[in-house]
There are 2 protein chains.
Amino acid sequence: MSLRIAPSRARDEVPSATVERLPVYLHALDRLRASGIATVSSADLAERSGVTSAKLRKDLSHLGSFGTRGVGYDVEFLHRSIADWLGVHEPLGVVIVGLGNLGHALATYRGFAPGGFRIVGLVDVDPDVVGTDVPCGEHSLPVRPLADLAEVAASAQIGVIATPGSAAQDACDRLVAAGITHILSFAPRFLAVPSGVQVRAIDLGVELQILAFRQRQAAHEPGAVSA
Amino acid sequence: MSLRIAPSRARDEVPSATVERLPVYLHALDRLRASGIATVSSADLAERSGVTSAKLRKDLSHLGSFGTRGVGYDVEFLHRSIADWLGVHEPLGVVIVGLGNLGHALATYRGFAPGGFRIVGLVDVDPDVVGTDVPCGEHSLPVRPLADLAEVAASAQIGVIATPGSAAQDACDRLVAAGITHILSFAPRFLAVPSGVQVRAIDLGVELQILAFRQRQAAHEPGAVSA
DNA sequence: AGGTGCTTGTGAACGCTGGATACAAACCTC
DNA sequence: GAGGTTTGTATCCAGCGTTCACAAGCACCT
């Protein structure tokens with residue numbers, strides 16, 4: 001393969017919808033690499049990612065030019081290119097607040113390390129939980145009391161809230177006070193934050209209700225089939 | 001309060017963006033009701049839900065007219081109206097496939113019952129897990145082997161996939177074969193399904209990577225502050 | 001009884017992101 | 001060197017969602 005120049009276009013001008021699909025492509029490339037496949041066409045990769053080939057090519061064109069006309073994409077090169085563009089090479093520190101069932105699930109979740117994350121701290125209020133060790137991928141970490149949050153968060157860039165809803169706003173405020181600007185929340189609540197702080201909220205109950213609505217709707221009108 | 005007519009407009013013509021926000025409003029109303037607040041204005045409710053008042057009023061206008069001009073909304077009445085419209089009164093059966101950490105977290109998740117769900121089955125492949133009892137809200141359920149999935153899914157309308165990625169497509173195929181048409185997947189993979197089957201996918205790794213990208217972007221350009 | 005001040009409900013315009021199409025450029029193979 | 005294949009991109013379109021602004025309506029006060 002000839003020498004290539006890393007395109008690396010300005011990150012600002014990329015549509016957010018594209019940014020949200022890039023990790024999906026990365027996963028698909030992961031699997032292709034694991035299968036020993038060296039080259040992939042846009043049509044093939046698109047099908048594995050659940051999009052159309054045109055959309056895939058348009059997405060990639062926003063960050064540069066990675067393929068070879070008439071051939072396709074080199075799996076290894078495209079994977080590295082997207083990963084670099086997303087900035088996976090320098091892992092971010094993650095602190096998890098709340099180690100109930102969900103917190104444990106997140107801590108032990110495989111797929112954080114390859115994604116460029118390193119869990120650096122676990123925090124909870126429950127005295128029965130504080131002090132216990134939780135396995136986090138390779139290593140394991142002790143759960144520390146809520147009072148230590150500021151100290152723990154000092155080496156983190158991302159906060160994850162896995163507390164009950166009633167404790168979520170307090171946890172959020174503490175994270176923000178500790179300098180965390182990007183938060184992933186699983187609490188069933190809207191979190192108020194100062195401007196400049198990004199919150200990405202996932203509410204399992206809401207997701208299920210949306211699905212349930214569609215189910216009931218489809219059950220009531222058996223004729224309708226949507227994409 | 002005077003007699004009111006339930007508006008109940010056609011469900012089809014409501015934009016999907018509105019449908020996805022209704023459960024959020026419902027949660028906010030839950031909390032207001034718990035606080036003993038009887039009346040709420042669109043501005044107040046909107047702030048608690050993380051949207052603008054105009055958007056909230058427009059969303060509600062799609063399903064009818066629930067407020068009183070000059071006063072606001074009756075919390076109890078609006079809650080019941082949205083819940084009825086979403087169809088919460090008749091609970092849907094949920095079957096969970098995969099009872100690792102995430103599956104356990106989902107099974108024990110509080111907030112399914114009030115949302116109109118009833119977990120009716122748990123399935124896993126691991127012989128060590130099969131047979132164990134898992135608490136699901138009020139009651140508890142035994143984990144059954146994968147071979148029983150069709151039988152278990154017979155009384156379910158929604159399937160939840162919480163397996164590792166490698167087992168997700170197989171689990172999905174079995175759910176579809178058992179007649180399940182609406183699936184919530186947490187597996188880091190695109191799931192291929194026949195047309196008519198709805199899949200809602202949540203990939204924790206993807207969510208974190210999107211957030212991480214924004215973090216690195218913000219860190220690199222300290223001037224930018226986005227809403 | 002009438003006026004006043006809110007708040008809802010909605011009509012219309014706007015912005016815009018994203019998606020589809022089609023075609024030219026480029027590369028490998030024969 | 002020709003042909004076939006696949007990428008990269010320019011252009012256009014369409015549809016959705018959001019916002020703005022105002023009219024309609026209710027309660028309360030005088």
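None of these values were measured; they are calculated from a predicted model. In the text below, chain A, chain B and the rest are named by the order of the sequence lines, each starting its count at 1.
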Inset, instruction - Nearest 0.5 Å please: distance from the OG atom of B/S16 over to the CZ atom of B/R21. - result: 9.0 Å
Inset, instruction - With sequence neighbours left out, write down each residue that passes salt bridge (Lys or Arg N to Asp or Glu O under 4.0 Å) with A/R33, or none if nothing qualifies. - result: A/D30, A/E76
Scan nucleotides 13-16 of chain D against the protein and return all N/O pairs shorter than 3.5 Å with their distances rounded to 0.1 Å.
none

Close N/O contacts between protein and nucleotides 11-13 of chain C (under 3.5 Å):
{"unit_1": "C/dA12", "atom_1": "N6", "unit_2": "B/K58", "atom_2": "NZ", "d": "2.9"}

Inset, instruction - Verify, without hydrogens or angle tests, whether B/S49 (side chain) and B/V51 (backbone) share a donor-acceptor contact under 3.5 angstrom. - result: no
Inset, instruction - On the 0 to 90° scale, with breaks at 30° and 60°, tag the A/F77-A/F66 ring pair as parallel, tilted or perpendicular. - result: tilted
Inset, instruction - Starting at CG of B/D44, measure out to OG1 of B/T39 and round the result to the nearest 0.5 Å. - result: 11.0 Å
Legend entry - Note: A/D170-A/R174 ion pair, threshold 4.0 Å (strictly below): yes
Inset, instruction - Mark up nucleotides 23-30 of chain C, 5' to 3', with B wherever a protein heavy atom is under 4.0 angstrom from a base atom, S wherever such an atom reaches only the sugar-phosphate, and - elsewhere. - result: --BBBS--
Legend entry - Any residue of residues 41-52 of chain B with a heavy atom less than 4.0 Å from an atom of DNA chain C: B/S41, B/S42
Legend entry - Interatomic distance, A/H62 NE2 vs D/dT9 C1' [rounded to whole Å]: 10 Å
Inset, instruction - May I have the distance from B/L60 (atom CG) to C/dT7 (atom C1'), rounded to whole angstrom? - result: 13 Å
Legend entry - d(NZ, A/K55; C1', D/dT7) in whole Å: 18 Å
Legend entry - Flag side-chain contact, heavy atom, 4.5 Å: B/R216 against A/E90: yes
Inset, instruction - Report the end-to-end axis angle of the helix from C/dA1-D/dT30 to C/dC30-D/dG1; each axis comes from five terminal pairs, and the value is rounded to 10°. - result: 10°
